[in-house]
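Just passing along the structure, written as structure tokens.
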Amino acid sequence: MIPTIFALATAPGRAGVAVVRVSGPASGDALAALTGKPLPEPRMATLVRLRDPKTGEALDDALVLRFTAPRSFTGENVVELHLHGGRAVVAGVVEALATLPGLRVAEPGEFTRRAFENGKLDLTEAEAVADLVDAETSAQRRQALRQMEGGLGTLYDGWRERLTRSLAHIEADIDFPDEDLPSGVADVARPVLDTLAAEIDAHLDDRGRGERLREGLHIAIVGAPNAGKSSLLNALARREAAIVSARAGTTRDVIEVHLDLGGYPVVLADTAGLREAAADEVEEEGIRRALDRAARADVKVAVFDATALPTLDPATVALLDRDTVVVLNKTDVVDAAVPTVGGWEAVAVSARTGAGLPELERRLTAFTADRLVGSGAPALTRARHRSALEECRDALRRALTAPLPELMAEDVRLASRALGRITGRVDVEDLLDVIFRDFCIGK
């Protein structure tokens, strides 16, 4: 018999309301045991007093909801207990549930796993549940909602359906060579496969915007010692995240802060000052890490000291490219409203007074949006999606050059199977633990 599972479905800790979810065949019995009353009507919120089934002690006055299979999140009979969110209340109800026969605490991600196994979600939608819970910016929320509503799954299932129809044409040529079929039946599949391969190529050629949106765009602040990089980081973060000192070489390691920049997630990194002659081996390692972070960053913020003009730090100038926002700092000390620095358009700011910071934030938001906002098509959001799509695309390319229809059919089957793995239509068992193990209890 399928066990009935329960867990806190909201964040742990003190809160106004906490929700405990119970899912499985014994969920109704569990509610009856806690209330000592007949079950309320499905989907009808009811105020009841919960009591410990063993001692009769009052636990809480709760709002309860009951959902009958298959019209529930998991596709099973489900009960939700909306409790007062004190730790003692939640602990008392959870302990009471644990004493009931046939019930056990849910494993991490088990509610969502049951929803998948009961056909309520495909794998991309299940992943989106985790992304929505973890979303910290409005852009992340929009992407997760779109995926949870089936945007990615619908796209991939549509591609797989086209492959299935193409495979039927190819296999008709193989299995019924002596039948009175139109000549060149398999050739009907070739333009379909070629078009589909091109569509997958375009889908893959997205600069990883979906993955970047989940994890945050990386922005590295680079510049010479004492150019004001740490002060700029603190000003953008609106807190003292980095130590600021007049002594050169204070920043030795990379310091990161996570920001919501115009609704987009970014990871802003302060790096060691760039100069040719390091004071010691520790600073030398800091400079090496700064250059490495700059090379891997999606966007660079190159900071120049206005008080040093017209001299420009050559190590920083060497990093300027189309992915760089050039900043002229300390303009409160020197009146240096210079429109360009080293031939690049610059933003004049004062990290100390805040002058020019709104324009810098606007410029950084524009850079971020350019790299994270696509054409409107659903974005692939995980490395496993990308790997399966590349496998599918490669199989289609082989199919188009296959010398025999039997080989062509096999490659189309492999392409279809790769797509099916993304949504969970095939080869599911080896993926389930990987996908659901990182979910927190309650999802």
Side-chain angles (χ1 to χ4, degrees), residues 217-251 254-276 287 290-291 293-295 297-372:
L217 196 80
H218 286 264
I219 301 177
I221 302 176
V222 295
N226 274 349
K229 300 183 300 300
S230 297
S231 296
L232 190 62
L233 176 86
N234 292 342
L236 290 170
R238 293 175 173 79
R239 62 184 177 89
E240 297 297 317
I243 297 174
V244 177
S245 170
R247 185 167 66 87
T250 301
T251 301
V254 176
I255 298 172
E256 292 184 346
V257 294
H258 292 253
L259 301 179
D260 180 340
L261 193 62
Y264 300 102
V266 301
V267 181
L268 188 63
D270 181 24
T271 63
L274 304 177
R275 56 180 173 181
E276 293 183 1
I287 293 172
L291 292 172
R293 177 56 64 93
D298 300 301
V299 178
K300 297 184 291 293
V301 176
V303 183
F304 293 91
D305 186 348
T307 65
L309 292 177
T311 302
L312 296 175
D313 170 49
T316 307
V317 171
L319 296 177
L320 303 184
D321 57 25
R322 58 186 294 273
D323 293 321
T324 306
V325 176
V326 181
V327 172
L328 188 62
N329 191 25
K330 302 185 184 179
T331 55
D332 59 309
V333 178
V334 177
D335 184 11
V338 180
T340 60
V341 172
W344 296 82
E345 182 183 358
V347 181
V349 305
S350 168
R352 187 176 67 84
T353 68
L357 285 179
E359 172 59 20
L360 175 58
E361 290 179 342
R362 187 198 65 77
R363 190 82 62 88
L364 287 174
T365 300
F367 264 69
T368 301
D370 179 63
R371 285 152 180 77
L372 296 183

Enter the distance from Thr365:OG1 to Leu360:CG here, rounded to the nearest 0.5 Å.
9.0 Å
Locate the shortest heavy-atom distance separating Ala272 from Ile287; write the atom from each residue and the value.
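It is CB-N, 4.0 Å.
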Evaluate the side chain to side chain contact (heavy atoms under 4.5 Å, CB included) criterion for residues Val299 and Thr368: first the C-alpha distance (whole Å), next the side-chain angles of each, then the deciding distance (0.1 Å), finally the verdict.
CA-CA 8 Å; Val299 178; Thr368 301; 5.5 Å; no
Those residues that, when tested against Thr316, pass side chain to side chain donor-acceptor pair (under 3.5 Å) (two or more places apart):
Asp313
Set of residues satisfying side chain to side chain contact (heavy atoms under 4.5 Å, CB included) with respect to Leu319, sequence neighbours excluded
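Once residues adjacent in sequence are excluded, the partners of Leu319 under the side chain to side chain contact (heavy atoms under 4.5 Å, CB included) criterion are Val222, Leu274, Leu291, Ala294, Lys300.
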Does Val301 reach the side chain of Ile219, with side-chain heavy atoms less than 4.5 Å apart?
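Yes, close enough: below the 4.5 Å cut-off.
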Closest non-hydrogen atom pair between Arg293 and Ala220, with its separation
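Answer, listing the atom of Arg293 first, then Ala220: CG-CB, 3.8 Å.
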Using 0.5 Å steps for rounding, measure from the CG atom of Leu268 to the CG atom of Leu232.
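Here the rounded value is 7.5 Å.
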According to salt bridge (Lys or Arg N to Asp or Glu O under 4.0 Å), who are the partners of Asp260, at least two apart in sequence or on a separate chain?
none
All side chain to side chain contact (heavy atoms under 4.5 Å, CB included) counterparts of Ala355, not counting sequence neighbours
Ser350, Thr353
Taking the side chain as everything from C-beta on, heavy atoms only, tell me whether Arg352 gets closer than 4.5 Å to Val333.
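They are not in side-chain contact.
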Tell me which pairs pass salt bridge (charged side-chain N to carboxylate O under 4.0 Å, His left out) where either residue lies in residues 301-310, with sequence neighbours left out.
Asp305-Lys330
Nearest atoms (heavy-atom pairs only) where Trp344 meets Leu320:
CD1-CD1, 3.4 Å
Side chains of Leu364 and Leu236 in contact at under 4.5 Å (non-hydrogen atoms)
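Yes, close enough: below the 4.5 Å cut-off.
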Measure across Phe367 and Thr324 and return the closest heavy-atom pair with its distance rounded to 0.1 Å.
CZ-O, 3.8 Å
What distance do Asp370 atom CG and Asp323 atom CG have between them, rounded to the nearest 0.5 Å?
9.0 Å
Partner residues of Asp298 under the salt bridge (Lys or Arg N to Asp or Glu O under 4.0 Å) criterion, sequence neighbours left out:
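Partners of Asp298 under the salt bridge (Lys or Arg N to Asp or Glu O under 4.0 Å) test: Arg212.
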Pick one: which of Thr271, Val303, Asp270 meets side chain to side chain contact (heavy atoms under 4.5 Å, CB included) with Leu233?
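So the option named by the test is Asp270.
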Closest approach of Ala351 to Ala235 (non-hydrogen atoms, all atoms of both residues):
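Residues Ala351 and Ala235, closest heavy atoms: O-CB, 4.0 Å.
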Contacts of Arg363 meeting salt bridge (Lys or Arg N to Asp or Glu O under 4.0 Å) (sequence neighbours excluded), chain-then-number -> Glu345, Glu359
Looking at every non-hydrogen atom in both residues, tell me the closest pair between Gly356 and Val347 and how far apart they are.
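Of all heavy-atom pairs spanning Gly356 and Val347, the closest is O-CG1, 4.0 Å.
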